[in-house]
Amino acid sequence: MSSVDQEAEHAVEYDDTAIRFLQVLWGEGYLSPGGPEEVDRVLAGVEIGGKRVLDLGCGAGGVTLHIARTRHPLAITGFDVEAPVIFHARQAADRDGLAGVSFIQAPPGRLPFVDGSFDIVFSKDALVHVPDKREMFSEIFRVLSPGGTFAASDWLIAHDDEPSDEMKAYLAAEGLSFGMASAATYLAAMKEAGFVETRAESRNEWYRDVARQELSRLTGALHSAAVAAVGEAYVAKNIRTWTAMQKVLDSGEHCPTHLRGIKPMRRGA
């Protein structure tokens, strides 16, 4: 399939309205929860100073710019398949005037980077949108340099069986292209790609409580600001989504998870 065909088939999911709403809830430039504190937890122990970094699925650029400001990479590239979020990210980068920050948008498929382009590949709750986990990790492995680190968080499901009725209701409420898979599936795909020292850490307990607070804020303190940003109907739709999500967080079926892996210096090492 040509890149033109892929771009035509890829419907924009994070448009300007979605960006405005999520920034009211999660902060300027953030399209997933936890803010800079959760980014720092994902990157705990990873040395980024002087390294080349890819922020895969960078969204509106908040995470990319936080890493650039606080961890001083040699260069950091934010990549996303959606044009609206890259437009917002570039605007934010221009305002900040940070050196060594760039943003690239391209259709889904093979990443537009040569082999070994990056020392660190980071991703924050974006890989859930990629249905083929094996191909995804093969591509991440390819663009990493030998000895490079993959560090991410993503939205996983607790199993690879038929989703529960509650999970189906949540996914329908989200209305997004979530290709959810289990930690076992992720780890198997990472190991098949060639990663070593792989690990997955569930963050269900953390986000279960955070999401409950988010829902409370959406119906209370943040309600007026959210309505002003996107309108009453859009806010009501998302209150229904968060209510459905809380059920699968409480059951443990929805498992936000931290992921880590290393590309060895030699294949098979």
Side-chain angles (χ1 to χ4, degrees), residues 3 38-59 61 63-81 86 89 93 98-154 156 179 181-201 203 257-269:
S3 61
E38 183 66 359
V39 174
D40 291 342
R41 285 188 284 264
V42 174
L43 288 170
V46 180
E47 178 54 54
I48 288 179
K51 303 290 182 66
R52 303 164 300 161
V53 180
L54 173 64
D55 182 3
L56 184 57
C58 65
V63 171
T64 313
L65 296 177
H66 169 69
I67 294 171
R69 290 187 205 104
T70 62
R71 292 178 174 258
H72 314 296
L74 174 65
I76 184 165
T77 300
F79 171 80
D80 208 285
V81 301
I86 291 295
L98 291 168
V101 179
S102 61
F103 291 96
I104 293 176
Q105 184 264 331
R110 183 177 173 87
L111 293 173
F113 308 107
V114 300
D115 297 2
S117 294
F118 302 99
D119 306 303
I120 312 289
V121 173
F122 171 87
S123 186
K124 179 71 167 66
D125 306 332
L127 304 182
V128 66
H129 293 288
V130 182
D132 189 337
K133 308 305 181 191
R134 294 171 65 186
E135 179 61 27
M136 174 182 75
F137 281 112
S138 176
E139 276 294 282
I140 293 170
F141 190 89
R142 179 183 66 79
V143 302
L144 267 173
S145 61
T149 299
F150 167 71
S153 66
D154 203 27
L156 278 61
S182 69
T185 292
Y186 273 72
L187 291 171
M190 291 170 68
K191 290 175 183 176
E192 183 176 332
F195 284 99
V196 298
E197 299 181 39
T198 57
R199 66 179 191 261
E201 176 192 354
R203 296 286 286 158
T257 297
H258 287 185
L259 301 157
R260 187 74 64 88
I262 304 294
K263 180 173 180 174
M265 296 300 296
R266 303 186 309 277
R267 186 80 184 206

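In this structure, the ring-ring contact (aromatic ring centres under 6.0 Å, His included) partners of H129, at least two apart in sequence or on a different chain, are Y14, F178. Residues that satisfy the ring-ring contact (aromatic ring centres under 6.0 Å, His included) test with F122, not counting sequence neighbours, are absent from this structure. When the side-chain contact (heavy atoms from CB on, under 4.5 Å) test is applied to A68, the partners found at least two apart in sequence or on another chain are I76, L98, V101. With sequence neighbours excluded, the residues satisfying side-chain contact (heavy atoms from CB on, under 4.5 Å) with S182 are D160, A184, T185. Evaluation of the salt bridge (charged side-chain N to carboxylate O under 4.0 Å, His left out) rule for D40 yields R71 as partners, not counting sequence neighbours. The side-chain hydrogen bond (donor to acceptor under 3.5 Å, both in side chains) check on D80 picks up nothing, with sequence neighbours excluded.
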**Request:** Carefully, step by step, assess K51 and L74 under the rule side-chain contact (heavy atoms from CB on, under 4.5 Å).
**Result:** CA-CA 5 Å; K51 303 290 182 66; L74 174 65; 5.9 Å; no
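When every heavy atom of A200 is checked against every heavy atom of L259, the shortest pair comes out as CB-CD2, 3.8 Å. Contact record, R142 with V114: NH1-C, 3.7 Å, taken as the closest heavy-atom pair. Across A93 and F103, no two heavy atoms sit closer than the pair CB-CE1, 3.7 Å. Between A181 and K133, the closest heavy-atom pair is CB-CE, 4.1 Å. A pairwise comparison of heavy atoms in S153 and H258 identifies CB-CD2, 3.7 Å as the closest pair. Of all non-hydrogen atoms in T64 and C58, the two that sit nearest each other are OG1-CB, 3.5 Å.
Side-chain atoms of F113 and E139, non-hydrogen and from C-beta on, never get closer than 4.5 Å to each other. Here the side chains of F79 and P112 are in contact, with some heavy-atom distance below 4.5 Å. Two residues are said to be in side-chain contact when any heavy atoms from C-beta on lie closer than 4.5 Å; D119 and V53 fail this criterion. In this structure the side chain of L43 reaches within 4.5 angstrom of the side chain of I67, judged on heavy atoms.
Here the CD1-OG distance, from I140 to S138, works out to 9.5 Å after rounding to the nearest 0.5 Å. Here the CG atom belonging to D132 is positioned 8.5 Å from the CE atom belonging to M136, to the nearest 0.5 angstrom. How far OG1 of T70 is from CG of L65: 10.5 Å, rounded to the nearest 0.5 Å. The distance from the OG atom of S102 to the CD1 atom of I86 is 9.5 Å, given to the nearest 0.5 Å. Residue I104 holds its CD1 atom at 10.5 Å from CG of L111, rounded to the nearest 0.5 Å.
Ionic pairing of E38 and R203 is present here: one or more N-O contacts between side-chain nitrogen and carboxylate oxygen are shorter than 4.0 angstrom. Salt bridge status for R260 with E197: absent, with no side-chain N to carboxylate O gap under 4.0 Å.
Screening L144, T149, D55 against V121 for a side chain to side chain contact (heavy atoms under 4.5 Å, CB included) leaves a single residue, L144.
Within the 6.0 Å centre-distance limit, the rings of F137 and F150 are counted as a close aromatic pair.
Within the 3.5 Å criterion, the main-chain N or O of M190 finds no donor-acceptor partner in the side chain of T198. Under the 3.5 Å distance criterion, the side-chain polar atoms of K263 are left unmatched by any main-chain donor or acceptor of V196. At distances below 3.5 Å, not a single donor-acceptor pair connects side-chain atoms of D115 with backbone N or O atoms of V143. Under a 3.5 Å cut-off, the side chain of R52 and the backbone N or O of S117 do form a donor-acceptor pair. Between the side chain of T257 and the backbone N or O of L156, no donor-acceptor pair lies under 3.5 Å.
Counting heavy-atom neighbours within 6.0 Å of R41 CZ, excluding the residue itself, gives a total above 12.
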